Amino acid sequence: MPTDVKIPTLGESITSGILAAWHVKNGDYVETGQPLYDLETDKITSEGAAEVSGTIQLQAEEGDEVEIGSVVAVIDESASKPAADQGGTPVTEAEETSGEEEPASSGQHPASVRRLAEESGIEPESVSGTGKGGRVTKGDMLQAIEGGKSAQPESSPEFPAAPAAASRTSRTKMSPLRRTIAKRLVEAQQTTAMLTTFNEVDMSAVMNYRKLHQEAFVKRHGVKLGFMSFFVKAAVHALKQVPAINAQVDGDEIVTNNYYDIGVAVSTPKGLMVPVVRDCETKSFATIEQDIIGYANKAKEGKITIEDLQGGVFTISNGGIFGSMLSTPILNTPQSGILGMHTIQERPMAVNGEVVIRPMMYLALSYDHRLVDGREAVTFLVAMKQAIEDPARLLFEI
């Protein structure tokens with residue numbers, strides 16, 4: 001009995017997507033729950049899985065634009081599992097990571113390894129496999145990609161690394177996500193009165209707290225105490241003092257938000273995404289760090305959902321991890337404010353009449369001047385500065 005493989009509904013605003021990759025071949029026997037394809041939309045990249053077991057016949061090719069609800073394959077449930085596979089189980093992602101893949105020498109690699117190879121430009125044959133018989137696992141590929149980031153600029157399917165004998169130019173089609181990013185950035189410039197103001201913050205206190213409590217924090221919570229949790233909590237603290245930045249323009253009305261869902265910008269090979277950490281005013285530092293790490297992992301694996309990206313009232317973007325010293329971040333509309341963090345640099349500072357060396361960071365607040373005045377923007381940044389330089393203020397809410 002044939003069963004159609006249809007593109008599922010992913011969100012009210014999503015009507016189509018690009019069939020980015022098939023994880024199976026025409027005529028393969030697939031198991032229920034086995035990943036079949038990657039679908040790239042203007043907001044997220046999602047993975048489609050088999051709802052039944054059987055032999056699959058593909059009806060769409062990689063790179064095709066497919067509408068929501070369209071049939072991209074058919075699974076014949078009446079087909080028997082091949083004899084060679086009887087008694088076995090489908091290779092899962094966890095098993096791939098633990099080493100249950102084809103040997104690298106055979107030239108056959110699991111779909112996840114092939115996909116990472118295509119996205120990163122790293123050949124699996126160049127990676128040392130830790131799986132059985134020297135097989136290359138998904139974990140090996142991820143480690144190789146992470147290790148290569150510090151040695152060379154990050155590439156993506158849209159901006160691949162140039163080959164040794166490159167032509168003067170090359171052309172690649174914009175992905176739906178990149179098109180949407182471009183559209184939203186232009187809209188932000190055209191529909192808001194965006195202005196940016198700056199301040200600087202001494203990171204000594206936060207760095208000392210992290211050094212003093214890092215070991216106990218990791219032992220207790222299983223995650224590292226990072227900078228971002230301090231900045232998220234400080235942003236909530238500042239938003240409470242300056243509610244205008246926690247508001248947005250809707251036509252001729254002002255919508256004031258009385259909750260604190262903070263978007264944290266995450267860079268992925270396919271573009272910038274801003275998953276939202278919910279209810280930050282009630283969460284601990286540990287919970288915020290766990291949420292951020294969870295989103296970062298989902299982004300790397302292409303598993304960010306529409307729900308993860310919706311509902312933020314304010315955004316924090318950390319360009320400092322790429323070495324940015326100063327920037328003017330663009331608003332994530334309809335939000336009225338975005339905070340840009342930058343790299344930490346030791347600089348000579350005048351403190352109590354003496355010159356001392358301190359780890360300093362520039363902060364940039366871009367805001368919608370239709371709603372937020374300069375006085376409020378400066379007040380917000382001063383509140384951020386005070387909270388970061390004296391984190392006890394967050395405890396006592398002063």
Side-chain angles (χ1 to χ4, degrees), residues 8-14 17 20 38-47 119 142 145-146 149 154 156 175-185 187-188 221-236 239 245-246 248 257 259-322 324 327 329-341 366:
T9 300
L10 299 173
E12 292 183 2
S13 61
I14 297 178
D38 285 341
L39 181 73
E40 186 175 286
T41 74
D42 60 354
K43 292 182 173 64
I44 59 171
T45 297
S46 62
E47 192 174 68
E119 293 177 353
L142 290 173
I145 293 168
E146 191 67 28
K149 285 182 178 178
E154 184 176 1
S156 73
S175 68
L177 177 60
R178 178 61 62 182
R179 291 202 302 266
T180 297
I181 291 173
K183 179 181 177 182
R184 285 177 59 83
L185 293 179
E187 285 179 350
H221 302 292
V223 293
K224 288 186 176 181
L225 177 60
F227 291 122
M228 190 59 76
S229 54
F230 283 93
F231 278 89
V232 168
K233 296 298 282 188
V236 171
L239 287 170
I245 299 179
N246 198 20
Q248 59 196 51
N257 299 304
Y259 60 97
Y260 302 90
D261 292 357
I262 307 298
V264 178
V266 175
S267 179
T268 76
K270 295 185 178 180
L272 190 70
M273 292 185 178
V274 188
V276 179
V277 181
R278 313 287 175 182
D279 304 316
C280 293
E281 74 278 16
T282 64
K283 288 184 175 177
S284 66
F285 280 65
T287 304
I288 291 173
E289 292 290 351
Q290 290 164 352
D291 286 353
I292 292 172
I293 290 174
Y295 280 138
N297 290 336
K298 289 178 72 174
K300 288 180 181 179
E301 297 169 3
K303 294 182 179 179
I304 291 286
T305 67
I306 292 294
E307 290 74 18
D308 294 334
L309 306 175
Q310 292 178 334
V313 299
F314 185 79
T315 294
I316 300 177
S317 180
N318 185 8
I321 61 175
F322 303 111
S324 171
S327 67
I330 297 178
L331 287 172
N332 183 20
T333 55
Q335 297 172 16
S336 296
I338 179 172
L339 180 75
M341 298 166 54
S366 293

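Being a predicted model, the structure only gives us computed values, none of them experimental.
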**Request:** Compare every heavy atom of Glu40 with every heavy atom of Ala20, then report the nearest pair and how far apart it is.
**Result:** CB-CB, 4.3 Å
**Message:** Given 3.5 Å as the limit, does a donor-acceptor pair link the side chain of Glu289 with the main chain of Gly226, or not?
**Reply:** yes
**Prompt:** If you take all heavy atoms of Phe314 and Ala235, which pair is closest and at what distance?
**Reply:** CE2-CB, 4.2 Å
**Asked** Distance-only, no hydrogens or angles: does the Lys233 side chain make a donor-acceptor pair with backbone N or O of Cys280 under 3.5 Å?
**Response** yes
**Asked** What is the distance from atom CG of Asn318 to atom CZ of Phe231, rounded to the nearest 0.5 Å?
**Response** 8.0 Å
**Message:** I'd like to check Ile288 versus Ile262 (side-chain heavy atoms, cut-off strictly below 4.5 Å). Are they in contact?
**Reply:** no
**Asked** Atom CG in Asn332, atom OG in Ser366: separation rounded to 0.5 Å?
**Response** 12.0 Å
**Prompt:** For the side chain of Asn246 and the backbone of Asn257, is there at least one donor-acceptor N/O pair under 3.5 Å apart?
**Reply:** yes
**Request:** Could you check if a side-chain atom of Val232 sits within less than 4.5 angstrom of a side-chain atom of Tyr260, using non-hydrogen atoms only?
**Result:** no
**Request:** Please confirm whether the backbone N or O of Glu47 pairs with a side-chain atom of Asp38, one donor and one acceptor, at under 3.5 Å?
**Result:** no
**Item:** For the student: nearest non-hydrogen atoms of Ser317 and Ile338, plus distance
**Value:** CB-CD1, 4.4 Å
**Asked** Does the Gln290 side chain pair with the main chain of Val223, one donor and one acceptor, at a distance under 3.5 Å?
**Response** no
**Message:** If you compare all heavy atoms of Pro334 against all heavy atoms of Gln248, which two are closest, and at what distance to 0.1 Å?
**Reply:** O-CB, 3.1 Å
**Message:** Before you tell me yes or no, could you show the steps for Leu309 and Val276 under side-chain contact (heavy atoms from CB on, under 4.5 Å), namely the whole-Å CA-CA distance, both residues' side-chain angles and the distance that decides it to 0.1 Å?
**Reply:** CA-CA 6 Å; Leu309 306 175; Val276 179; 5.8 Å; no
**Prompt:** Roughly how far, to the nearest 0.5 Å, is the CD1 atom of Ile292 from the CG atom of Asn297?
**Reply:** 12.0 Å
**Message:** Show the nearest heavy-atom pair for residues Pro329 and Leu339, with the distance to one decimal.
**Reply:** CG-C, 4.5 Å
**Prompt:** Out of curiosity, Phe285 CZ to His221 NE2, how far, rounded to the nearest 0.5 Å?
**Reply:** 11.0 Å
**Prompt:** Looking just at side-chain N and O atoms, do Glu187 and Thr333 make a donor-acceptor pair shorter than 3.5 Å?
**Reply:** no
**Item:** Worked check of side-chain contact (heavy atoms from CB on, under 4.5 Å) between Met341 and Ile321
**Value:** CA-CA 9 Å; Met341 298 166 54; Ile321 61 175; over 6 Å; no
**Message:** Given 3.5 Å as the limit, does a donor-acceptor pair link the side chain of Asp308 with the main chain of Thr305, or not?
**Reply:** yes
**Prompt:** Do you know which two heavy atoms are closest between Thr287 and Lys283, and how far apart they sit?
**Reply:** CG2-CD, 3.8 Å
